[in-house]
Amino acid sequence: MEWHAEKERVILRNVAQFDLQQTFECGQCFRWRRLENGNWLGIVRGRVVEAEQAGRDIIFHNTERSDFVRMWHEYFDLGRDYGAVQRELSRNDPVMKEAIAFAPGLRLLKQEFFEILISFIISQNNNIPRIKRIVECLAQNYGRPVVYREHVLYAFPEADVLAALSEESLRCIRAGYRARYIIRASRQVHALDVDALGKMDSGSVRQALLALHGVGEKVADCVGLYSGLMPDAFPVDRWVRRVMETLYPESGTTNEAIVAFARRKFGPLAGIAQQYLFYFARENRIGMDNPGSEAASSTD
DNA sequence: AAACAGGAGCCGG
DNA sequence: CCGGCTCCTGTT
């Protein structure tokens, strides 16, 4: 991949397998938002970046060479050859081939650990619009404001800030019973050495995550996968269960059977495989009770 | 209109 | 293994 830096922006030329919309809307992140000009605005580790899809190029505004090398290259997983990943996953698998063809530009982001931890604690037994609202509200109340042009964005709050809150004060974000989990997990997290976790195998990382309050198996797998600590994780929730039942009927019906099937079939690429499948299935309403009801139900 | 069900699960008994 | 949990939304 070739790229070059200019003053206040970095340009990727002739990018392969990188589509901003697919990457931001496949369900792995909650805070990127689309501007009226079609560009995407995000804040990561307190840095604001505006990403623009310009034909075969991608332009990152409000950043420069050192920032790009230090953060964004890793965040967008630019060191990975997604062409090779796709060839490997598609081999002898027509289902996966179709899922990849649906969103060939999807990339697995490597997101900030604490932000992902809290976001996926909030996600439990919840729906995406409300998850986004709660996460944004949390940032606005307890994160540092950063001004970018006419926008004000808020960095995700620091763990010690959330750890100092009472359940009472957190009521304002309307997270319900998850407020208690947010606070308790924030208090536990300083005891975790994230750099050390990065050197451990997925099973050990998972165990460490499961010790956090409000983190069960599904949330642990999401946190591990999206923070880059467990690239082979295969989070199974109600959606994935239904989707796998439809697309891979031989995978079984229990969570354990599905995970075992995924591990056997996708190996170390299970994480990215799940992302292709999940996005493909959700956008095409595969495995849902009312296939195709989206268009039909919109007419009163 | 008011009641009801269900949602990216997890905790405690 | 099971009831309960906050809050919100869509349905009846």
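Below, chains carry the letters A, B, ... as their sequence lines are ordered, and counting in each starts from 1. Side-chain atoms are counted along with the backbone in the values below, which use heavy atoms only and exclude waters and symmetry mates.
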**Request:** Using the six-membered ring wherever Trp is involved, compare the ring planes of A:F30 and A:F120 and label them parallel, tilted or perpendicular (cut-offs 30° and 60°).
**Result:** tilted
**Message:** By the 4.0 Å heavy-atom rule, please label A:I131 as base, sugar-phosphate, or nothing.
**Reply:** base
**Request:** Would you mind reading off the distance between A:R171 atom CZ and C:dC7 atom P, rounded to a whole angstrom?
**Result:** 6 Å
**Asked** When the distance from CD1 of A:I128 to P of B:dG9 is rounded to whole Å, what number comes out?
**Response** 11 Å
**Beyond-backbone contact of A:W40 with A:R34, side-chain heavy atoms, under 4.5 angstrom** = yes
**Request:** Compute whether any side-chain donor of one residue and acceptor of the other, for A:Q188 and A:H213, lie under 3.5 angstrom apart.
**Result:** no
Taking distance alone, no hydrogens or angles, what donor-acceptor pairs closer than 3.5 Å link side-chain atoms of residues 226-233 of chain A to residues at least two apart or in another chain?
unit_1, atom_1, unit_2, atom_2, d
A:Y226, OH, A:Q275, NE2, 2.9
A:S227, OG, A:V223, O, 2.6
A:D232, OD1, A:S202, OG, 2.5

**Asked** Expressed in angstrom and rounded to an integer, what is the separation of A:R174 atom CZ from C:dT9 atom C1'?
**Response** 14 Å
**Prompt:** Distance between the P atoms of B:dC11 and C:dC8, in whole angstroms?
**Reply:** 23 Å
Report all interatomic pairs (protein N or O, nucleotide N or O of nucleotides 2-7 of chain B) with separations under 3.5 Å.
unit_1, atom_1, unit_2, atom_2, d
B:dG7, OP2, A:R238, NH2, 2.7

**Message:** For the residue pair A:N62 / A:E50, report whether a side-chain donor-acceptor contact shorter than 3.5 Å exists.
**Reply:** no
**Prompt:** For A:E25 and B:dA8, what is the distance between atoms CD and P respectively, to the nearest whole Å?
**Reply:** 18 Å
**Set of ring pair (Phe, Tyr, Trp, His ring centres under 6.0 Å) partners for A:F102, sequence neighbours left out** = A:Y279, A:F280
**Request:** Using heavy atoms and a sub-4.0 Å distance, could you list which residues of residues 252-277 of chain A are near DNA chain B? By number, please.
**Result:** none
**Integer angstrom distance from the P of C:dG3 to that of B:dA5** = 15 Å
**Message:** Taking only the P atom of each, what is the distance from C:dG4 to B:dC4 in whole angstrom?
**Reply:** 15 Å
Any protein N or O atoms within reach of nucleotides 11-13 of chain B? Criterion: under 3.5 Å, listing atom names and distances.
unit_1, atom_1, unit_2, atom_2, d
B:dC11, OP1, A:G214, N, 2.9

**Message:** Salt bridge check, A:R242 against A:E245: does any charged N sit closer than 4.0 Å to a carboxylate O?
**Reply:** no
**Complete:** Stems of at least 3 consecutive Watson-Crick or G-U wobble pairs (donor-acceptor distances under 3.5 Å) involving DNA chain C, listed by first number, are B:2-7 with C:7-12, B:9-13 with C:1-5
**Request:** Quick one: label A:A179 by what it contacts on the DNA or RNA (base, sugar-phosphate, nothing), any heavy atom closer than 4.0 Å.
**Result:** nothing
**Fill in**
Here the distance between atom C1' of B:dA8 and atom CD1 of A:I122, to the nearest Å, is 12 Å
**Message:** Please tell me whether A:F76 and A:F60 form a close aromatic pair, meaning their ring centres lie under 6.0 Å apart.
**Reply:** yes
**Prompt:** Is A:Y226 touching bases, backbone alone, or none of the nucleic acid, heavy atoms closer than 4.0 Å?
**Reply:** nothing
